[in-house]
Number of protein chains: 2
Amino acid sequence: MHHSVTHWEPSNSSECDRAILPVSEVLAQIAGKWTIFVIRALSGGPRRFSELKREIDGISQKMLTSTLRDLEKNGFVTRTITPSIPPRVDYELTDMGRELHEPLLAIGNWAQVNRHRVEKARERFAEREAKERELVW
Amino acid sequence: MHHSVTHWEPSNSSECDRAILPVSEVLAQIAGKWTIFVIRALSGGPRRFSELKREIDGISQKMLTSTLRDLEKNGFVTRTITPSIPPRVDYELTDMGRELHEPLLAIGNWAQVNRHRVEKARERFAEREAKERELVW
DNA sequence: CGGAATCCTTCACGATACTG
DNA sequence: CAGTATCGTGAAGGATTCCG
């Protein structure tokens, strides 16, 4: 993500769809490490910068700023400055941001529900790998 | 993605959810640059390695291998070897893989449908930026 | 055909320090 | 409070070569 998203070619999607803005670019935005968490935090309503920082565990100040800027640039979030002392900045999902939140939530829920299955699958894979190594040696 | 997924801490999700396998790790897997495209290609049924390589435009051999291995490791894909000459390897979505495909498809479709809105938003953002620069200079 | 191994570049992200 | 600026690093990803 960020400013210089790798701009690769159309990718044979469907009907010779001249990719004005390739789907993959939108996807790349979503794929950012913190994007989903920021959107989830904002889905509860407007938040101040420091509130987001507190709510999203482990995010650095730099990445929060950067993620918010990208979300704003792509039209998912609005940034409202209240020139007071100390200054106050509120972030809020746009309509488009709220729309995006739905399928994102579906993915998040799926991951939440199915993480144990994934974990099991990993263990089985590790076992198969070990067996193979036995045969080789 | 790949082997060393950054293993960060729980992230204040919901109810003190001891994160055995953090949701974010599952998400990180999905976030890989090519994961969505590979799953989409496989959603049409089993595919050979070379078929996938041809269908997914722009993917390198290395990344296809790597993405498939990760998907296999996490239980989303099966790998079936037919020892013939030349060798033949088929990849197929597991049930879990097909389940994951649904919310992924939703995201993909959303991105497809809304890319023009995103594009517009970017233009407006660029304009606002330009205006600000005028005021400064 | 279906990879593995190697080299190399870019950049996403983190840590730290400073500012209006 | 809400950032910007800078530096450093691991790791993602591409290109190329070699192999059973």
Side-chain angles (χ1 to χ4, degrees), chain A residues 1-9 11 24-25 27-38 46-72 77-91 129 132-133 136, chain B residues 1-9 11 24-25 27-38 46-72 77-91 129 132-133 136:
Chain A
M1 73 190 285
H2 305 148
H3 344 93
S4 60
V5 171
T6 313
H7 185 77
W8 72 80
E9 278 314 283
S11 94
S24 34
E25 251 189 70
L27 260 35
Q29 152 78 50
I30 296 163
K33 186 174 177 181
W34 298 104
T35 309
I36 296 185
F37 296 100
V38 172
R47 291 285 189 281
R48 298 184 62 169
F49 185 87
S50 49
E51 290 174 334
L52 289 172
K53 179 104 175 59
R54 243 176 290 117
E55 282 186 41
I56 303 169
D57 193 78
I59 195 169
S60 68
Q61 181 264 2
K62 176 189 171 183
M63 286 318 294
L64 180 54
T65 301
S66 167
T67 303
L68 284 168
R69 283 290 177 286
D70 275 348
L71 286 172
E72 191 196 357
V77 157
T78 59
R79 179 167 177 266
T80 311
I81 307 172
T82 308
S84 55
I85 297 174
R88 175 193 179 102
V89 179
D90 288 276
Y91 293 92
E129 254 190 342
E132 279 179 30
R133 252 188 274 273
V136 175
Chain B
M1 76 188 281
H2 304 148
H3 344 93
S4 58
V5 171
T6 314
H7 185 76
W8 74 79
E9 276 316 280
S11 94
S24 33
E25 252 190 69
L27 260 36
Q29 152 77 49
I30 296 163
K33 186 174 176 180
W34 296 105
T35 309
I36 297 186
F37 295 100
V38 172
R47 291 283 190 282
R48 298 182 61 170
F49 186 87
S50 47
E51 289 174 335
L52 289 172
K53 179 102 175 58
R54 241 176 292 117
E55 281 186 43
I56 303 168
D57 194 78
I59 195 170
S60 69
Q61 180 266 351
K62 177 187 173 181
M63 287 317 296
L64 180 53
T65 301
S66 168
T67 303
L68 284 168
R69 282 288 177 288
D70 276 348
L71 287 172
E72 191 196 357
V77 157
T78 58
R79 179 168 176 266
T80 311
I81 307 172
T82 307
S84 56
I85 297 175
R88 177 194 178 100
V89 179
D90 288 275
Y91 293 92
E129 253 191 341
E132 279 180 30
R133 253 187 273 273
V136 174

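So you know, we letter chains A, B, ... as the sequences are listed, proteins then strands, and number each from 1.
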| task | Give, for atom CD1 of A/Ile36 and atom OG1 of A/Thr67, the distance between the pair rounded to the nearest 0.5 Å. | result | 11.5 Å
| said: Return the CG to CD1 distance between A/Leu52 and A/Ile59, rounded to the nearest 0.5 Å. | reply: 8.0 Å
What integer distance in Å separates [X]:[atom1] from [N]:[atom2]?
{"X": "A/Leu64", "N": "C/dC13", "atom1": "CG", "atom2": "P", "result": "13 Å"}
{"X": "B/Ile59", "N": "D/dA15", "atom1": "CD1", "atom2": "P", "result": "12 Å"}
{"X": "B/Gln61", "N": "D/dT17", "atom1": "CD", "atom2": "P", "result": "14 Å"}
{"X": "A/Lys53", "N": "C/dA15", "atom1": "NZ", "atom2": "P", "result": "9 Å"}
{"X": "B/Arg88", "N": "C/dG2", "atom1": "CZ", "atom2": "P", "result": "8 Å"}
{"X": "B/Ile85", "N": "D/dG20", "atom1": "CD1", "atom2": "C1'", "result": "9 Å"}
{"X": "B/Glu51", "N": "C/dG2", "atom1": "CD", "atom2": "C1'", "result": "13 Å"}
{"X": "A/Arg54", "N": "D/dG3", "atom1": "CZ", "atom2": "P", "result": "14 Å"}

Side chain of [X] only, please: which of [options] is the nearest?
{"X": "B/Pro86", "options": "C/dG3, D/dA2, C/dC1", "answer": "C/dC1"}
{"X": "A/Ser50", "options": "D/dA2, C/dC1, D/dG3", "answer": "D/dA2"}
{"X": "A/Arg69", "options": "C/dC13, C/dA4, D/dG3", "answer": "D/dG3"}
{"X": "B/Phe49", "options": "C/dG2, C/dG14, D/dT16", "answer": "C/dG2"}
{"X": "A/Arg79", "options": "D/dG14, C/dA4, D/dA2", "answer": "D/dA2"}
{"X": "A/Lys33", "options": "D/dG14, C/dC13, D/dT16", "answer": "C/dC13"}

| Quick one: does B/Lys62 reach the base of D/dG14 with a side-chain donor-acceptor pair under 3.5 Å? | yes
| field | 5′-ward residue of the pair B/Pro87/A/Leu68 relative to DNA chain D | value | A/Leu68
| message | Is there a side-chain contact between A/Glu55 and A/Arg47 in this structure, where contact means two heavy atoms from C-beta onward sitting under 4.5 Å apart? | response | yes
| request: May I ask you to test the A/Phe49-A/Gln61 pair for a side-chain heavy-atom distance under 4.5 Å? | output: yes
| said: If you assign each of A/Gly58 and B/Thr65 to its closest nucleotide in DNA chain C, which residue comes earlier from the 5' end? | reply: B/Thr65
| task | State whether B/Arg48 places a side-chain N or O below 4.0 Å from either non-bridging phosphate oxygen (OP1 or OP2) of C/dG2. | result | yes
| note | Note: B/Asp90 and B/Arg88 closest approach over all heavy atoms is OD2-NE, 2.8 Å
